[in-house]
Amino acid sequence: MSGLTRRTAAELATAVKAGDVSAVEVTQAHLDRIAEVDGSAEAGVHAFLHVDTDGALAAAAAVDARRAAGEELGPLAGVPLALKDVITTADMPTTAGSRILEGWRPPYDATVTRRLRDAGIVILGKTNLDEFAMGSSTENSAFGVTRNPWDLTRIPGGSGGGSAASLAAYEAPLAIGTDTGGSIRQPAAVTGTVGVKPTYGGVSRYGLIACASSLDQAGPCARTVLDAALLHTVIAGHDPLDSTSIAQPVPDVVAAAKRGAEGDLTGLRVGVVKELGGEGYQAGVEARFNDAVALLSKLGAEVVEVSCPHFTYGLAAYYLILPSEVSSNLARFDAMRYGLRVGDDGSRGAEEVMSLTRGQGFGAEAKRRIMLGTYALSSGYYDAYYGQAQKVRTLIARDFDAAFAQVDVLVSPTTPTTAFPIGEKVDDPLAMYMNDLCTIPSNLAGNASASFPAGLADEDGLPVGLHVMAPVLADDRLYLVGAAVESAYAAQWGGTLLEQAPALEGIGQ
Amino acid sequence: MTVTTALPSFDEAIATYEPVMGMEVHVELGTATKMFCGCSTTFGGEPNSQVCPVCLGLPGSLPVVNEIAVESAIRIGLALNCSIAEWCRFARKNYFYPDMPKNFQTSQYDEPIAFDGYMDVVADGVEYRIGIERAHMEEDTGKSLHVGGATGRIHGASHSLLDYNRSGIPLIEIVTKPIEVPAEVAPAVARAYVTELRELIRALGVSEARMELGQLRCDANVSLRLPGAAYGTRTETKNVNSLRSVERAVTYEIRRQASVLSSGGTIVQETRHWHEDTGETTSGRVKEEAEDYRYFPEPDLVPIAPSREWVDELRATLPEPPSVRRARLQEAWGFTDLEMRDVVNAGALSLVFDTVAAGATAGGAKKWWLGEVARVANERGVALEDAGISVADVARVEVLIGEGALNDKLARQVVEGVLAGEGTPDEVVAARGLAVVSDDSALGAAVDDAIAAQPDVADKIRAGNLGAVGALIGAIMKATKGQADAKRARELILERLQS
């Protein structure tokens, strides 16, 4: 049954429900694929930090037992999933990609985790990420890099490189990512997969280890738009444990995906964001983006150029707000209650142990952002940095409001470039930060956005993403557009983009 | 080398300097659950038995505001004549300390729920208006227990234990505006303010506000200045946790600062520790640089925007203001201004009220709480409530007196017995055999013995000199070890000598 790993989540769920295949068989096929290609920090894709073979098979067996007992199964029951290791799981370690949490086993499940389990989704394991979700290449993980299945010498994006790579390598049909500045969408773009950042507050953050609380949002990652929509429906919805969670009905994203697949976008108004393109964008990225815009027109959409003048300041504002929140959120990692503890030999006081632990437990990027944030919040600097950045944030939200008064969705490339070689930007944080230029405005404003495969760049043959932005709580529009583009391209390419990726057989062994 | 110089007296200190005070009071709310999670707030549980991912600050956990705590904060604000914010936020106060699980305290900063109010207090018969700067919500920290060093302090300890049961308990911090009152009453005003605030909190029913349990904690800021000069540098004396200590600590700081200033020194802005035993304050941790808490709005919580309707509803639930209540009770109890002031200053208003409600006379209730009970409580360094006698016990003693089963002297012994842990008043009466001897046969014999022993006194009485009866009663009391019913003894004497 090796073909199982090539099937979509929707197909697998249907097959399990019909009894054509058992959830255990589906799970085993994916565990076998992981064993075949995932490898380790040294070689292979290395999407996973932890694979829970026994737990996954037990969860799958439970789904099979429920089916055997005649119970109605949910739309994704028995489908395996890769969970980003920044979301707590009571039965698996949760590291956030950091040495400081190595070996920590949370005493509780995140709301997202609980909803996945309740839906009968089988959690295969925890995926690699940049430490505390800070980075755009997964190179900031304390546990080694993840490699892009399209080219193992290149980054899979970040911070959710593990989740995206697991999809692209057919190790899992579904994954959960988290997106603070693009950590779902940028990895999706550079791995040729689908990644959706829902409206802020659409998915509970309870149990999501915070990077920047006002920006973080968990979301679905998949190989197809419909699969992402099905997963979106499972994890979204109000959670009383998260005060910032929205108490409103989740948009019907599955219906939107199905409607979009019919390929008719007549009446849809699409705005091309003037400020997100041009200088600094790779030629192949621009070309594929222009193709996508042309496709949208062809499908009936009305395309206009829209200006969002304050987007230019998004990156600067983001790199004040994010580190400020990070500096406070990461303060709790102090060796007192859990995680790493360094230097506790009886000769040192608590303050010194805290300091030693944080010094050795955090990586360079975490330290950099803690220092930036501590500085930005300091008395005398607060107004000039954090205060100003919040004003920019408001202006960016107003840009979106003004734009969405004219159009239904906005589009841009997801990233300025395709996947770059591992190691190329590790010593140049500013170049690394530029990856998130297009994705950051939606985090600052809290609206929904997503990346969908848009073809391969001519110069390097690597995937390019189409970035679609929708208003707050209009997540369904993303799926409408994404599914329309997906079905048109499938006809054009004779299948999904990922089918053009290398096979990877045996690389992890 | 420590040079100890005698401090100037309080009167000497205020002859030159004017004190300015600022009081910061933390009130632990009596909500069933914590500020941001559903954990119990019950006092005295096994360490770390009332914790969850939220109040332990575990990675990924998020706070959710306790609505009852917000309601309590608004009611406190209204009772303090404050404006209630139409929109306010929580903020993070960032600093590292092991008993604070997130290494930030979720508090309020420049957007408190209540602000700009006042409370009137009476000291030495004069009313003073204390301005209230703000009342805001925050969460309590855990508790550190330092083991192996002296006096439980971190210095010299071999290790520390952490108990997070208290972590996340809702606190309301109430901050006054600078208090500028005549120097001679400053310490009394400070005490009156905390006393009044405590009564108010209790009357609102939002907390028992028991200082000895840390449910009401007071930090006293004091600075001195020359008359007409700008404010001087202040010190903050932390955790002054009894009414008496508030007055003493302020008095001490005024004397200490006067001593420093008059010898040409300068006051260091610092926190100071209050020592109940020596009646002194000592310097706390010396901060080399000003603490920068890097406050910013708490992104994990949404703003609080209490509707006007809700605030009005809460306003309608406010109890009678304490000053009005006091005036009403004073009249009902028939106390003089001085008597009422003593009751208030002793922090015994609620106790007297409850004791009267339980059947005692107001005068009787006051006599016990401010007399015998206060003496024992003071000796043991505990609050009146914790001296070992309940409201019901005091009321029972008063009932027994009213029934004639106890006289004053016996009643005092009963109260002593209860305070000594010998049981309820009735148990003490039984165990000590303290019943008043009013039974005519036993008492009659004692009366006969007394008349026989003092025939000259008996003659005087027979001759109509009733003033001499006292001498015979004295002898009878002595013979019965104080258990005689004096009133009945007098009747029996007169029956025998005047018939």
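Chain letters run A, B, ... following the sequence lines, proteins first and then strands; every chain starts at 1.
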- Message: At a heavy-atom distance under 4.5 Å, which candidate from Val65(B), Leu58(B), Leu62(B) has the highest pair count against chain A?
- Response: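 With the most close heavy-atom pairs to chain A, the winner is Leu62(B).
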*Could you tell me which of Cys37(B), Cys52(B), Gly38(B), Gly57(B) has the largest number of non-hydrogen atom pairs under 4.5 Å with chain A?*
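Maximum pair count with chain A is reached by Gly57(B).
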Tell me the closest heavy-atom pair linking [X] and [Y], and the distance in Å.
X: Glu325(A); Y: Arg92(B); answer: O-NH1, 4.3 Å
X: Val302(B); Y: Ser243(A); answer: CG1-O, 3.5 Å
X: Tyr108(A); Y: Gly60(B); answer: OH-C, 3.0 Å
X: Pro299(B); Y: Thr244(A); answer: O-CG2, 3.7 Å
X: Ser213(A); Y: Asp300(B); answer: CB-OD1, 3.1 Å

Report task. Could you check Met354(A) against Phe96(B) for side-chain contact (heavy atoms from CB on, under 4.5 Å), going step by step and ending with a plain yes or no? Result -> CA-CA 9 Å; Met354(A) 281 185 187; Phe96(B) 283 82; 4.0 Å; yes
Please tell me whether Tyr386(A) and Phe296(B) form a close aromatic pair, meaning their ring centres lie under 6.0 Å apart.
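Ring centroids of Tyr386(A) and Phe296(B) are less than 6.0 Å from each other.
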Notebook entry, point to check: chain A contacts: which residues in residues 102-112 of chain B have a non-hydrogen atom closer than 4.5 Å to it?
Noted result: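 When heavy atoms of chain A are the reference, residues 102-112 of chain B contributes Lys102(B), Asn103(B), Phe104(B) within the under-4.5 Å range.
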Is it the side chain or the backbone of Tyr164(B) that comes within 4.5 Å of chain A heavy atoms, both, or neither?
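The side chain, not the backbone.
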- Query: Measuring heavy-atom distances to chain A, does Asn94(B) have an atom under 4.5 Å in its side chain, in its backbone, in both, or in neither?
  - Reply: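 For Asn94(B), side-chain heavy atoms alone lie under 4.5 Å from chain A.
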(message) Please classify the contact between Ala350(A) and chain B as side chain, backbone, both or neither, with a heavy-atom cut-off of under 4.5 Å.
(response)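 Ala350(A) touches chain B through side-chain heavy atoms alone.
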Taking heavy atoms only and a threshold strictly under 4.5 Å, list by residue number the residues of [range] that touch chain B; give 'none' if the list is empty.
range: residues 326-337 of chain A; result: Ser327(A), Ser328(A), Asn329(A), Ala331(A), Arg332(A), Phe333(A), Asp334(A), Met336(A), Arg337(A)
range: residues 199-206 of chain A; result: Tyr200(A), Arg205(A), Tyr206(A)
range: residues 84-93 of chain A; result: Thr88(A)

For this session: Enter the distance from Ile209(A):CD1 to Ser61(B):OG here, rounded to the nearest 0.5 Å.
Result: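 The distance works out to 10.0 Å.
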Side-chain contact test, heavy atoms from C-beta onward, threshold under 4.5 Å: evaluate it for Tyr293(B) versus Ser379(A) and give yes or no.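 SC-SC contact between Tyr293(B) and Ser379(A) ruled out.
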